[in-house]
Amino acid sequence: APAPTEAHWVATPDMQALPLAWAAPLWDADRLHLGQRVTKLERQPGSRGWSLHVETTEPTTQIRAGFDEVILALPAPQARQLLQTTPLALSLVQGMAAVEMAPCWALTLSYPMATEAGLSTLGPQWNAARTTHERAVWVARESSKPGRSQSERWTVLASPQWSQEHRADDAPRVLAKMQKAFGEITRIRIPPRHASVYLWPHAQTLSPLGRSHLRNKDAGLGLCGDWCIGRRVEDAFVSGLEMALALVAG
């Protein structure tokens, strides 16, 4: 029978654990607001503070006021779009003009049957590999990482070029193509118990900023993210840390 498929992605508990732990004090103090999309930045009349136009589940736009500084930890295209709502951010928009990001289709597969008695581990004996396949650039056995479930799970990342070319494709079509690539790379051709694909619209930095962060101290605006330095989660961490240190220093 065909394997069940899905066209969405949900963050796993292990991915959420670190940011949730860091955010706990803000949550406990009722200073963390989720599910709200900022659509416009506006300087408060007669002050140096900022007001944020926010969309929530309510039908009307709300305004949150009284912010001394606004720091955007967003992908470069989204940050650029938001900054263009205020003329005070012109220098920041110009500073990130050369930054280029590409989308990435990601495939996840699960083979819980691999742990059944009498059945050996599926596929190759390596746990991660870069590949020159026309569709995929990275394949990783997620279940090999410390603290993960023993259930056989894999992640496949498509190349920036292929992801861009197939950006508008529907999820079932992409899933079929990427599963075929996974089989060609790993020789695992049996149907997975679960498979899903997700498009990260701004996942891979092609041309980084070349600095850890951007900040206009006089305007009270700042930018950070992996795209400032590179494309890995470590780059995002360093960029955020440098931005935080700059705020503390004043």
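Fair warning: this is a prediction, and the values are worked out from it, not measured in the lab.
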Count the heavy atoms belonging to other residues, nucleotides or ligands that lie under 6.0 Å from CZ of Phe237, then report whether that count exceeds 12.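 Open.
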
Of all residues at least two apart in sequence or in a different chain, which pass the side-chain contact (heavy atoms from CB on, under 4.5 Å) check with Ser144? Asn127, Arg141

Only counting residues at least two apart or in another chain, list the ones meeting side-chain contact (heavy atoms from CB on, under 4.5 Å) with Ala65. Gln44, Ser51

Which pairs count as salt bridge (Lys or Arg N to Asp or Glu O under 4.0 Å) when at least one residue sits in [range], sequence neighbours excluded?
| range | value |
| --- | --- |
| residues 157-176 | Asp169-Arg173 |
| residues 45-57 | Arg37-Glu55 |
| residues 16-34 | none |

If you take the centroid of each ring, where Trp contributes its six-membered ring, are Trp154 and Phe182 closer together than 6.0 Å?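 Ring-ring flag for Phe182/Trp154: true, centres closer than 6.0 Å.
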
May I ask you to test the [X]-[Y] pair for a side-chain heavy-atom distance under 4.5 Å?
| X | Y | result |
| --- | --- | --- |
| Met101 | Pro160 | no |
| Leu41 | Leu83 | yes |
| Arg187 | Pro124 | no |

Honestly curious: do [X] and [Y] fall in one hydrophobic cluster under the side-chain, below-4.5 Å linking rule?
| X | Y | answer |
| --- | --- | --- |
| Leu206 | Trp105 | no |
| Trp50 | Val93 | yes |
| Ile185 | Val137 | no |
| Met178 | Leu175 | yes |
| Trp126 | Leu157 | no |

Check residues 215-228 and write down every donor-acceptor pair under 3.5 Å in which the side-chain atom is one partner and the other belongs to a residue at least two apart or another chain.
residue	atom	partner	partner atom	Å
Arg215	NE	Glu69	OE2	2.9
Arg215	NH1	Ala246	O	3.1
Arg215	NH1	Gly250	O	3.2
Arg215	NH2	Glu69	OE1	3.3
Arg215	NH2	Glu69	OE2	3.3
Asn216	OD1	Asp218	N	3.2
Asn216	OD1	Ala219	N	3.0
Asn216	ND2	Ser91	OG	3.2
Lys217	NZ	Gly250	O	3.3
Trp227	NE1	Leu74	O	2.7

Atom pair [atom1]/[atom2] of [X] and [Y] - distance to nearest 0.5 Å:
| X | Y | atom1 | atom2 | result |
| --- | --- | --- | --- | --- |
| Arg193 | Arg153 | CZ | CZ | 14.5 Å |
| Leu199 | Ser163 | CG | OG | 7.0 Å |
| Lys145 | Thr155 | NZ | OG1 | 6.5 Å |
| Leu52 | Leu82 | CG | CG | 8.5 Å |
| His133 | Lys180 | NE2 | NZ | 7.0 Å |
| Gln81 | Leu72 | CD | CG | 12.0 Å |

Ring pair (Phe, Tyr, Trp, His ring centres under 6.0 Å) partners of His166, counting only residues at least two apart: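 His166 satisfies ring pair (Phe, Tyr, Trp, His ring centres under 6.0 Å) with Trp162 only.
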
For Trp138, the ring pair (Phe, Tyr, Trp, His ring centres under 6.0 Å) test, sequence neighbours excluded, returns none

For Leu247, which fellow cluster members are found when Ile, Leu, Val, Met, Phe, Trp and Tyr are connected by side-chain heavy-atom distances below 4.5 angstrom, either directly or through intermediates? Ile71, Met243

Could you identify which residues cluster with Leu34, counting Ile, Leu, Val, Met, Phe, Trp and Tyr as linked when any side-chain heavy atoms lie under 4.5 Å apart, either directly or through a chain of such contacts?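 Leu26, Trp27, Leu32, all in the cluster of Leu34.
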
Heavy-atom closest contact (Pro192 atom, Tyr111 atom, distance):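 The pair with the smallest heavy-atom distance is CA-CE2, 3.4 Å.
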
Check Ser212 against Ile229 and note the closest heavy-atom contact, atom names and distance.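 Scanning both residues, the minimum pair turns out to be CA-CG1, 3.9 Å.
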
Only one of Lys40, Glu42, Gln62 clears side chain to side chain donor-acceptor pair (under 3.5 Å) with His53; which? Glu42

Under the side-chain hydrogen bond (donor to acceptor under 3.5 Å, both in side chains) test, residues paired with Gln36 that sit two or more places apart: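 Arg64.
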
Between Thr86 and Arg43, is the side chain to side chain contact (heavy atoms under 4.5 Å, CB included) condition met? List the steps. CA-CA 8 Å; Thr86 173; Arg43 178 78 86 177; 5.9 Å; no

Is there a donor-acceptor pair closer than 3.5 Å between any side-chain N or O of Thr205 and the backbone N or O of Ser207? no

Residues Leu18, Leu20; criterion side chain to side chain contact (heavy atoms under 4.5 Å, CB included); working and verdict: CA-CA 5 Å; Leu18 188 57; Leu20 285 177; over 6 Å; no

Going by side chain to side chain donor-acceptor pair (under 3.5 Å), name the pairs with one or both residues in residues 228-249, residues two or more places apart or in two chains.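 Side chain to side chain donor-acceptor pair (under 3.5 Å) check on residues 228-249 returns Gln204-Arg231, Arg232-Glu234.
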
